[in-house]
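The structure appears right after this line, and notes come after that.
One-based numbering, in listed order, for ligands and for the atoms of each. Throughout, numbering of the chain's residues begins at 1 and tracks the sequence.
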Amino acid sequence: MLPTTADVVIIGGGVMGVSTAYHLATRGCRNVVLLERAPFLGSEATGKCAGGIRYQFSTEINVKLSLLSLPLLARFEEELGQNIDLRWPGYLFLLDNQADLATFRGNVAMQNRLGVPSQLLSPGQVTRLVPLLYLDDIVGGAYHAGDGLADPGGVVQGYASGARRAGAQLFTGVTATEIHVQGGRVVGVTTSDGTIATPAVVDAAGPWAGQVAALADVDLPLVPLRRQIVVTTLTGVPSDFPFVIDFSRSLYFHREGQGILTGQSNPDEKPGFDQSVNRAWTELHLEQAMMRFPLMERAGLLREWAGLYEVTPDAHPVIDGLSDPAGFYVVAGFSGHGFMHGPIAGQLIAEMILDGRANSLDLHPLRLSRFAEGDLVREHNVV
Ligand SMILES: Cc1cc2nc3c(=O)[nH]c(=O)nc-3n(C[C@H](O)[C@H](O)[C@H](O)COP(=O)(O)OP(=O)(O)OC[C@H]3O[C@@H](n4cnc5c(N)ncnc54)[C@H](O)[C@@H]3O)c2cc1C
């Protein structure tokens, strides 16, 4: 039964919500309530994602989020007793033009300065790493052996179980429908199952975070954008095949079981909540995939699905505690790479709520007011 009061109500049961619940509860926050409207936790963007985890970003703030978040995934099983199928095959960006090569040279220098040993590869080095790919047009690559993959379902399960063990209450099949504000402060949430009085609400609603923010009269510029994935059966792919991103085509591959998982972002996709598979796009995507990875002509189609990115104007998230209304926290807008940053994002929100500020990282670049101020720096490495 839904409680009538809570210290914190978290709206959304994807990686952001369960990580926040876990970090709040394990730090001793007594009455944490999470609401997920779907029948299962982690069944939206988190459950539909490709599972990639990387340090290779173009902005310092994203590299810093990775520097804090990926070690939490590395010790996840030890801390939470949950296997997350963690692998470190590395990430390889394939670059087919001099402009991208120059940009990635700058990115690699910045990553190295922050302590990430990524490197720029010559076409010959790229060929030695991924000889199965068509590479005649490639002018170089960016590679980091310490990037990898993890299982989103395991991460959600681990945090949800850990949060429950520490006393948090997580509800599925419950929709938040209203947020109540009095005198500039959050005072409660009305749901499909009743009203909860609370001084703190966390908007962790992923692609729907803009709608949830609007319930508190907050303008959160974030749009949902459909993205598709195809999983194929294919033999002959080496077990150490890296996560490959054909950067100018927004096309990617990684090993999934014995086969290959591939995705490609449709540049003509318009914002919207439609999650049906666009078959015409699948065909174009697979044509490009076979051009880059000729072995895929022998692949069988196993599964395909569509999910939603949660995209902000600068492709960076908002991790913020607002003053208007006070008690309203936002952890959303990760723009297609939030699974990997979910662990630290939940910890940072817990710090804001319990300590009054995020102590682990300066979150100034991720404040909500940057949009109104026009103080934006765009992330370049979005796939
Ligand atoms: C195809 C695809 C591939 C991706 N690949 C990667 C990748 O390789 N690596 C990576 O790091 N990231 C990747 N991402 C991005 C990543 O999935 C997201 O950034 C991340 O999962 C967002 O987590 P979330 O918890 O914010 O959102 P979600 O997992 O969507 O959770 C939000 C939840 O809020 C619930 N909700 C919404 N409104 C309400 C309401 N009113 N009341 C109650 N509940 C509500 C929803 O049902 C949902 O379950 C990918 C995404 C997609 C779609």
Side-chain angles (χ1 to χ4, degrees), residues 9-21 33-54 57 62 65-66 69-70 73 91 147-153 155-156 159 170-179 189-193 201-215 222 224-231 243 245 250 252 254 256 261-266 269 273 275 277 304-312 315 317-319 330-343 345-346 349 382-383:
V9 172
I10 300 162
I11 301 174
V15 67
M16 300 305 158
V18 294
S19 169
T20 303
V33 173
L34 180 147
L35 310 173
E36 167 54 53
R37 70 176 169 195
F40 302 102
L41 297 170
S43 54
E44 284 297 346
T46 304
K48 293 170 182 167
C49 91
I53 58 176
R54 59 176 152 114
F57 283 98
N62 271 334
L65 285 170
S66 293
S69 205
L70 270 56
L73 289 169
Y91 254 71
D147 292 343
L149 289 159
D151 167 33
V155 171
V156 169
Y159 276 143
L170 282 60
F171 296 89
T172 53
V174 179
T175 304
T177 54
E178 288 175 57
I179 295 172
V189 178
T190 292
T191 78
S192 50
D193 284 22
V201 168
V202 179
D203 180 356
W208 297 269
Q211 294 182 343
V212 166
L215 297 178
L222 178 162
L225 209 53
R226 175 169 58 174
R227 294 297 185 227
Q228 297 188 184
I229 283 182
V230 176
V231 180
F243 194 128
I245 297 177
S250 277
Y252 61 88
H254 72 70
E256 181 87 348
L261 178 151
T262 173
Q264 186 176 24
S265 298
N266 179 353
E269 191 69 55
F273 288 102
Q275 296 195 62
V277 169
E304 63 179 324
W305 66 84
L308 299 172
Y309 277 12
E310 26 17 329
V311 180
T312 65
V318 173
I319 307 179
V330 179
V331 58
F334 287 77
S335 306
H337 44 262
F339 164 59
M340 69 187 88
H341 290 158
I349 287 287
V382 178
V383 183

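- The shortest N or O to N or O distance between Trp305 and ligand 1 is not below 3.5 Å.
- Residue Phe339 has at least one N or O atom closer than 3.5 Å to an N or O atom of ligand 1.
- When only interatomic distances are considered, the shortest N/O to N/O separation between Val331 and ligand 1 does not fall below 3.5 Å.
- Taking 4.5 Å as the limit, some side-chain heavy atom of Ile229 sits within range of a side-chain heavy atom of Tyr252.
- More than 12 heavy-atom neighbours from other residues, nucleotides or ligands sit within 6.0 angstrom of CZ on Phe273.
- At under 3.5 Å, not a single nitrogen or oxygen of Gly17, backbone or side chain, sits near a nitrogen or oxygen of ligand 1.
- Considering backbone and side-chain atoms together, Glu44 places no N or O closer than 3.5 Å to any N or O of ligand 1.
- In the vicinity of Val174, heavy-atom distances shorter than 4.0 Å reach the ligand 1 atoms 43 (C).
- Residue Gly336 has at least one nitrogen or oxygen atom sitting less than 3.5 Å from a nitrogen or oxygen atom of ligand 1, judged on distance alone.
- Atom 9 (N) of ligand 1 has its closest protein heavy atom at Gly52 O, 2.9 Å.
- Not a single heavy atom of Ser43 sits closer than 4.0 Å to an atom of ligand 1.
- With a 4.0 Å heavy-atom cut-off, ligand 1 is reached by the backbone of Lys48 but not by any atom from C-beta on.
- Inter-residue side-chain proximity for Val331 and Met16 is flagged as met; some heavy-atom pair is nearer than 4.5 Å.
- Residue-to-ligand polar distances keep Cys49 apart from ligand 1: every N/O pair is separated by 3.5 Å or more.
- Ligand 1 does not have Ala332 within reach: every non-hydrogen atom of the residue lies 4.0 Å or more from it.
- With hydrogens and angles ignored, the 3.5 Å screen pairs a side-chain donor or acceptor of Ser192 with a backbone N or O of Thr175.
- A cation-pi arrangement, defined by a distance under 6.0 Å to the six-membered ring centre and an angle within 45 degrees of its axis, is present between Arg37 and Trp208.
- Note: His254 and Tyr91 fail the aromatic proximity criterion, with ring centroids not under 6.0 Å apart.
- The proximity of Val15 to ligand 1, defined as any non-hydrogen pair under 4.0 Å, involves the side chain as well as the backbone.
- Residues satisfying the side chain to side chain donor-acceptor pair (under 3.5 Å) test with Thr262, not counting sequence neighbours, are His285.
- At least one N or O atom of Glu310, backbone or side chain, sits closer than 3.5 Å to an N or O atom of ligand 1.
- For Ala204, every heavy-atom contact with ligand 1 shorter than 4.0 Å involves the backbone, none the side chain.
- Residue Tyr91 has no nitrogen or oxygen atom sitting less than 3.5 Å from a nitrogen or oxygen atom of ligand 1, judged on distance alone.
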